[in-house]
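To start, the structure itself, in structure tokens.
FYI, side chains are in, hydrogens and waters are out, and symmetry mates aren't considered; it's all heavy atoms of this structure. Numbered from 1 within each chain, the chains take letters A, B, ... in sequence-line order.
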Protein chains: 2
Amino acid sequence: MPLDKTTKRKQSYHHGDLERSLLDAAEIELEENGIERFSLRAVAKRASVSHGAPAHHFGNADGLLTALASRGYGKFIAMQDKRESLASDNPKAKLAASGLGYIDFAIEHPALFRLMFASERTDKANSSLAKAANAAFEKLTEHIEAIQGIDPHTDQFAMADVLACWGIAHGLADLTISQRLGRATFLAGMSDQDRDAFFSDIILRGVSPHAGRHA
Amino acid sequence: MPLDKTTKRKQSYHHGDLERSLLDAAEIELEENGIERFSLRAVAKRASVSHGAPAHHFGNADGLLTALASRGYGKFIAMQDKRESLASDNPKAKLAASGLGYIDFAIEHPALFRLMFASERTDKANSSLAKAANAAFEKLTEHIEAIQGIDPHTDQFAMADVLACWGIAHGLADLTISQRLGRATFLAGMSDQDRDAFFSDIILRGVSPHAGRHA
DNA sequence: GGGGATATCTTGACAGTGTCTAGATAAGCG
DNA sequence: CGCTTATCTAGACACTGTCAAGATATCCCC
């Protein structure tokens with residue numbers, strides 16, 4: 001019985017691009033339920049496929065989550081790039097914009113953010129994931145190098161700036177999605193523009209004023 | 001058959017202080033397996049009690065985790081206090097010490113830290129938990145007030161300092177237990193004392209130099 | 001084009017999970 | 001002592017992730 005092949009070829013036994021479909025479904029499930037209530041069978045059901053299907057592509061549930069985290073870094077960097085492209089053309093503005101993109105991503109994809117940065121279910125030895133995470137880190141070091149004029153990999157003081165800025169952006173992002181910053185009531189009443197300026201100021205505190213200092 | 005009543009009264013049907021025993025067992029299980037692999041039945045087994053026993057004391061698994069998080073804030077604040085008591089007697093040193101205690105706690109109890117700050121399984125409406133979390137926050141605002149001479153609750157610039165310092169300490173703590181800071185290779189080779197000084201410097205960057213500025 | 005090898009997906013089974021209910025046991029109190 | 005209440009056990013249920021066996025489609029070489 002050849003069912004409506006015209007509408008969708010969904011009736012096909014082979015899915016075509018199930019790997020992508022599963023990742024899409026998993027991302028939705030993740031954002032809806034959070035990591036702690038993530039269900040592989042629910043992902044399969046959402047993708048209209050049997051509960052055993054994901055195993056062939058990802059091995060197990062953690063494999064799927066690892067792939068999802070890896071893909072997440074693409075969006076993560078893209079959001080930072082977008083912020084940077086809108087920023088004025090000086091190193092500090094670019095750095096602040098990058099940090100705002102960091103926070104943007106956390107707010108828009110809180111569960112994915114947690115998966116990427118705080119989950120034990122991802123395989124950190126996975127080369128694809130490690131490469132993606134490293135790219136995000138290198139991006140930050142380049143910003144600091146542009147400001148301080150020296151490669152943080154070779155200079156301890158510049159690396160301190162890297163850790164400071166990273167810590168600030170990450171901390172603000174994590175606390176924001178945990179809804180911990182609501183106590184600072186004035187934040188809720190701020191316009192987006194004011195909020196960005198407020199966060200930018202804080203992010204730039206990570207940069208040491210002792211520019212170019214090194215051993 | 002009255003079994004050895006002398007050694008432990010464990011043979012008693014009623015446990016005596018099962019609530020505390022369950023919390024202790026849960027804390028061990030949590031640190032061993034992480035939140036994402038936490039099992040209520042494993043907790044019951046560790047406490048040598050039936051799988052249904054926890055329900056009577058905590059309602060459900062999330063109730064147990066909420067109580068555990070609430071108790072965690074006690075240790076959390078205690079660790080900060082210990083650091084502060086060892087610090088020299090000036091407001092900035094106290095603030096930095098408090099931040100180091102923040103990081104200490106995360107390193108010693110990573111899973112509990114994640115439960116307290118990044119889990120969706122705790123009931124944030126729980127009054128006991130909210131009160132504990134608030135106490136930790138107020139502690140920080142007092143440090144900033146001691147430095148800037150104005151209550152952050154009434155001054156936006158002082159509150160910015162609060163969020164900055166909190167973000168830094170939290171970000172460094174979270175990234176540390178995620179083992180993300182290993183790339184900054186020199187950190188591993190540092191003595192505890194040097195590492196503390198390094199983190200202290202970063203934490204204090206959260207304090208704005210424009211002291212006492214206010215609208 | 002045909003046909004065997006291979007990739008892909010389904011199905012059923014299994015142990016483990018959290019929660020609910022009913023019942024057993026202990027403790028408290030009149 | 002006996003009734004009430006608190007506490008804990010035991011069994012059932014639906015759901016979970018993973019595994020093994022089988023069904024089905026696609027690929028590729030003859």
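- Relative ring orientation between Y73(B) and F76(B) is described as perpendicular, the plane-to-plane angle rising above 60° on a 0-90° scale split at 30° and 60°.
- Atom CZ of R37(A) and atom C1' of dG17(D) are 17 Å apart (whole Å).
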Donor-acceptor contacts, no H, no angles, side chain residues 134-142 of chain B, under 3.5 Å, sequence neighbours left out:
unit_1: N134(B); atom_1: OD1; unit_2: R183(A); atom_2: NH1; d: 2.8
unit_1: E138(B); atom_1: OE1; unit_2: T141(B); atom_2: OG1; d: 3.3
unit_1: E138(B); atom_1: OE2; unit_2: H153(B); atom_2: NE2; d: 3.2
unit_1: K139(B); atom_1: NZ; unit_2: D81(B); atom_2: OD1; d: 2.6
unit_1: K139(B); atom_1: NZ; unit_2: E84(B); atom_2: OE2; d: 3.2
unit_1: T141(B); atom_1: OG1; unit_2: E138(B); atom_2: O; d: 2.7

Between the protein and nucleotides 18-21 of chain C, list the N/O to N/O atom pairs that are separated by less than 3.5 angstrom.
unit_1: dG18(C); atom_1: OP1; unit_2: L40(B); atom_2: N; d: 2.4
unit_1: dG18(C); atom_1: OP2; unit_2: L40(B); atom_2: N; d: 3.2
unit_1: dG18(C); atom_1: OP2; unit_2: R41(B); atom_2: N; d: 2.8
unit_1: dG18(C); atom_1: N7; unit_2: R41(B); atom_2: NH1; d: 2.4
unit_1: dG18(C); atom_1: O6; unit_2: R41(B); atom_2: NH1; d: 3.0
unit_1: dT19(C); atom_1: OP2; unit_2: A61(B); atom_2: N; d: 2.9
unit_1: dT19(C); atom_1: O4; unit_2: R41(B); atom_2: NH1; d: 3.3

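- Here F198(A) pairs with F186(A) under the ring pair (Phe, Tyr, Trp, His ring centres under 6.0 Å) rule; sequence neighbours left out.
- In this entry the distance linking CG of N33(B) with P of dG16(C) reads 15 Å, nearest Å.
- In summary, R205(B) and D161(B) do not engage in a salt bridge, as defined by a charged side-chain N under 4.0 Å from a carboxylate O.
- The nearest whole Å value for the distance from the CZ atom in F58(B) to the P atom in dC8(D) is 11 Å.
- Within the 4.0 Å cut-off from OP1 or OP2 of dC9(C), at least one side-chain nitrogen or oxygen of H57(A) is found.
- Salt bridge status for K75(B) with E108(B): absent, with no side-chain N to carboxylate O gap under 4.0 Å.
- Listed by chain and residue number, I28(A), R46(A) satisfy the side chain to side chain contact (heavy atoms under 4.5 Å, CB included) test with E32(A) (two or more places apart in sequence, or in another chain).
- Place H56(B) and K45(A) on DNA chain D by their nearest nucleotides, and H56(B) ends up nearer the 5' end.
- When the P atom of dT16(D) is taken as reference, atom CZ of R46(A) falls 13 Å away, rounded to whole Å.
- D196(B) meets the side chain to side chain contact (heavy atoms under 4.5 Å, CB included) test with R83(B), L100(B); sequence neighbours excluded.
- End-to-end axis angle of the helix from dG1(C)-dC30(D) to dG30(C)-dC1(D), using five pairs per end and rounding to 10°, comes to 0°.
- Here K124(A) does not pair with D62(A) in a salt bridge; the nearest charged N to carboxylate O distance is not below 4.0 Å.
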